[in-house]
Amino acid sequence: QVQLVESGGGLVQAGGSLRLSCTASARTFLTMGWFRQAPGKEREFVATVNWSGTSIVYADSVKGRFTISRDNAKIAVYLQMNSLKPEDTAVYYCAASSRGGIAAHDYNYWGQGTQVTVSS
């Protein structure tokens, strides 16, 4: 059983940056990912990275603005968010998957979520 803990959310103006962090309770070879969910919306894929850091996938909506990375020694995954837009406002979730994928149902473990609010 893997537990995930997130931090780094907050309030930022449009065009600003935030860095989200997610730490795992134990070393893992699982694929790690970030998802987000706005009120009244379905949970949306943001980015994933495999255990070695050699395979990375981004949603088209964040490509070129967000960067996902992981530090296996620290058992952590990060999401650097630049050029933030009001439409990026959502609760962001860290997740881990035993099989990989970009659908929420592909992921077995989830963090508690952290609120990101971008003002115009």
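Only heavy atoms go into these numbers, but all of them, side chains included; no hydrogens, no water, no symmetry mates. Keep in mind the model is a prediction, meaning the values are calculated, not measured.
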With clusters defined by side-chain heavy atoms of hydrophobic residues (ILVMFWY) lying less than 4.5 Å apart, directly or transitively, does [Y] cluster with [X]?
X: V116; Y: V5; answer: no
X: L30; Y: I56; answer: yes
X: V118; Y: L79; answer: yes

Return a table of donor-acceptor pairs under 3.5 angstrom between the side chains of residues 91-98 and protein atoms on other chains or two or more places apart.
| residue | atom | partner | partner atom | Å |
| --- | --- | --- | --- | --- |
| Y92 | OH | R36 | NH1 | 2.9 |
| Y92 | OH | D88 | O | 2.7 |
| S97 | OG | R99 | N | 3.1 |
| S97 | OG | G100 | N | 2.8 |
| S97 | OG | D106 | O | 2.7 |
| S98 | OG | N108 | OD1 | 3.1 |

Using modelled atom types and a 3.5 Å cut-off, is there a donor and acceptor pairing between side-chain atoms of D71 and backbone atoms of I75?
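No, D71 side chain to I75 backbone: no donor-acceptor pair under 3.5 Å.
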Exercise for review: Keeping the roles fixed (side chain from R43, backbone from Q37), state whether a donor-acceptor pair exists under 3.5 Å.
Suggested key: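 Looks like no, no N/O pair under 3.5 Å.
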Looking at [X] and [Y], what are the two nearest heavy atoms and their distance?
X: F66; Y: V46; value: CD2-CG1, 3.9 Å
X: A90; Y: Q115; value: O-NE2, 3.5 Å
X: S120; Y: P86; value: CB-CG, 4.0 Å
X: V77; Y: V49; value: CG2-CG1, 4.1 Å

Does a sphere of radius 6.0 Å around CD in Q3 hold more than 12 heavy atoms from other residues, nucleotides or ligands, not counting ones at 6.0 Å or beyond?
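Check fails, neighbour count at 12 or below.
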Does any non-hydrogen side-chain atom of [Y] lie less than 4.5 Å from one of [X]?
X: W34; Y: L20; answer: yes
X: M32; Y: L4; answer: yes
X: S17; Y: M81; answer: no
X: Y78; Y: R19; answer: yes

[atom1]-[atom2] distance between [X] and [Y], expressed to the nearest 0.5 angstrom:
X: L84; Y: L18; atom1: CG; atom2: CG; result: 5.5 Å
X: E6; Y: T114; atom1: CD; atom2: OG1; result: 6.5 Å
X: E42; Y: E44; atom1: CD; atom2: CD; result: 10.0 Å
X: I68; Y: Y58; atom1: CD1; atom2: OH; result: 6.5 Å

Problem set entry | ring pair (Phe, Tyr, Trp, His ring centres under 6.0 Å) partners of residues 96-120, not counting sequence neighbours, each pair once |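 Counting only pairs at least two positions apart or across chains, the ring pair (Phe, Tyr, Trp, His ring centres under 6.0 Å) contacts touching residues 96-120 are F35-Y107, F35-W110.
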